[in-house]
Protein chains: 2
Amino acid sequence: MDDPVDARLAAEVSRDPRATLAQLSERVGLSASAVQARLRKLESTGVITGYQAILDPEAVGKPLAAFIEITPLDPRQPDDAPALLEPIAAIEACHSVAGDAAYMLFVRVGSPRELEALVSEIRHTASVNTRTTVVLQTFYEHRPMLPLPDAGE
Amino acid sequence: MDDPVDARLAAEVSRDPRATLAQLSERVGLSASAVQARLRKLESTGVITGYQAILDPEAVGKPLAAFIEITPLDPRQPDDAPALLEPIAAIEACHSVAGDAAYMLFVRVGSPRELEALVSEIRHTASVNTRTTVVLQTFYEHRPMLPLPDAGE
DNA sequence: ATTGAAAACGAAGCCCT
DNA sequence: AGGGCTTCGTTTTCAAT
């Protein structure tokens with residue numbers, strides 16, 4: 001994905017995935033058909049991997065978020081923590097990281113009580129120690145990955 | 001948002017925001033118009049805060065992600081780090097957290113060299129110390145906030 | 001570009017509370 | 001009455017020629 005028009009298109013669609021082809025065609029300066037073809041290509045080549053509606057965590061009953069770093073109890077054991085934890089729906093993201101811990105999770109729950117239960121579940125499901133950092137306030141998240149090529153005109 | 005149909009609708013649309021009203025109407029068991037009305041309401045009441053296409057970080061030139069914890073150098077200074085850092089596009093999320101650090105950022109860049117520059121920019125823009133945890137591999141992220149009410153019937 | 005199909009939108013009427 | 005659902009007709013958007 002090096003074409004500047006593709007980059008622009010990806011930036012536009014990542015901000016507003018429900019825009020019509022006509023709207024996108026205005027913004028990138030191509031015909032709707034051309035935009036459509038490029039979009040399909042971006043999807044099929046895996047540049048666009050999916051679409052998502054962003055929900056207000058409080059409104060859907062998940063006001064509490066936290067980062068949980070996890071470290072295997074026994075470094076000798078085979079380590080498939082990500083796979084073991086994958087069924088737990090409260091886990092929104094799972095990365096392996098460089099640093100003190102082996103993995104970093106991002107989780108959302110409804111209450112401190114639920115967080116306690118979740119941490120406990122993670123510990124005994126994956127045989128790990130945990131270090132939890134509670135989110136007090138989210139200033140912003142889900143910001144677009146690509147900058148909009150500055151809007152001249 | 002306590003209505004079970006709204007919950008179902010929010011779950012469906014968060015997974016597949018480009019579904020048509022007709023498709024959604026099948027899944028929630030209402031007419032397309034009713035679905036449309038409820039969707040508009042979910043949007044206007046702020047339950048649905050936006051839509052996003054998910055891009056492959058590698059494909060768009062941001063293969064390197066990291067968590068950056070930041071701590072103000074001088075606890076006495078007024079602390080508006082989130083506002084100061086907001087213009088930096090590489091920062092995808094900014095949370096205040098309980099724990100050693102004051103804030104947790106999630107960032108994406110193209111290279112270690114860029115990460116170095118970013119950390120430096122963050123430090124001197126917000127007058128903070130930083131602790132960077134590099135992401136080695138992402139197993140999953142962007143997982144839906146709401147479980148799909150199990151498909152009975 | 002054009003055209004047929006499909007989706008979205010808005011209006012009017014119905015049912016249930 | 002009021003709110004929400006359905007159905008229907010119109011307009012806009014989509015997708016393939």
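Order of the sequence lines sets the chain letters (A, B, ...), proteins ahead of strands, with each chain counted from 1.
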Bend angle of the helix from C/dA1-D/dT17 to C/dT17-D/dA1, from helix axes over five pairs at each end, nearest 10°: 20°
Carboxylate-amine/guanidinium contact B/E92 A/R143, below 4.0 Å: no
Polar contact flag, side-chain donor to acceptor under 3.5 angstrom, A/Q137-B/Y103: no
B/F106 and A/H95 aromatic ring geometry - parallel, tilted or perpendicular at 30°/60° bounds: tilted
Ring-ring centroid check A/F67 B/F67, cutoff 6.0 Å: yes
Electrostatic pair B/E43-A/R18, nearest N-O below 4.0 angstrom: yes
Ion pair A/D3/A/K41, N-O distance below 4.0 Å: no
B/S/- contact track for nucleotides 8-17 of chain D, protein heavy atom under 4.0 Å: B----SSB--
B/L39 CG - D/dC5 C1' separation (whole Å): 15 Å
Residues B/R131, B/D100: salt bridge by 4.0 Å N-O rule: no
Distance (rounded to the nearest 0.5 Å) between A/L21 CG and A/Q23 CD: 9.5 Å
For atom CG of B/L30 and atom C1' of C/dC14, their distance in whole Å: 15 Å
d(CZ, B/R38; P, D/dG3) in whole Å: 15 Å
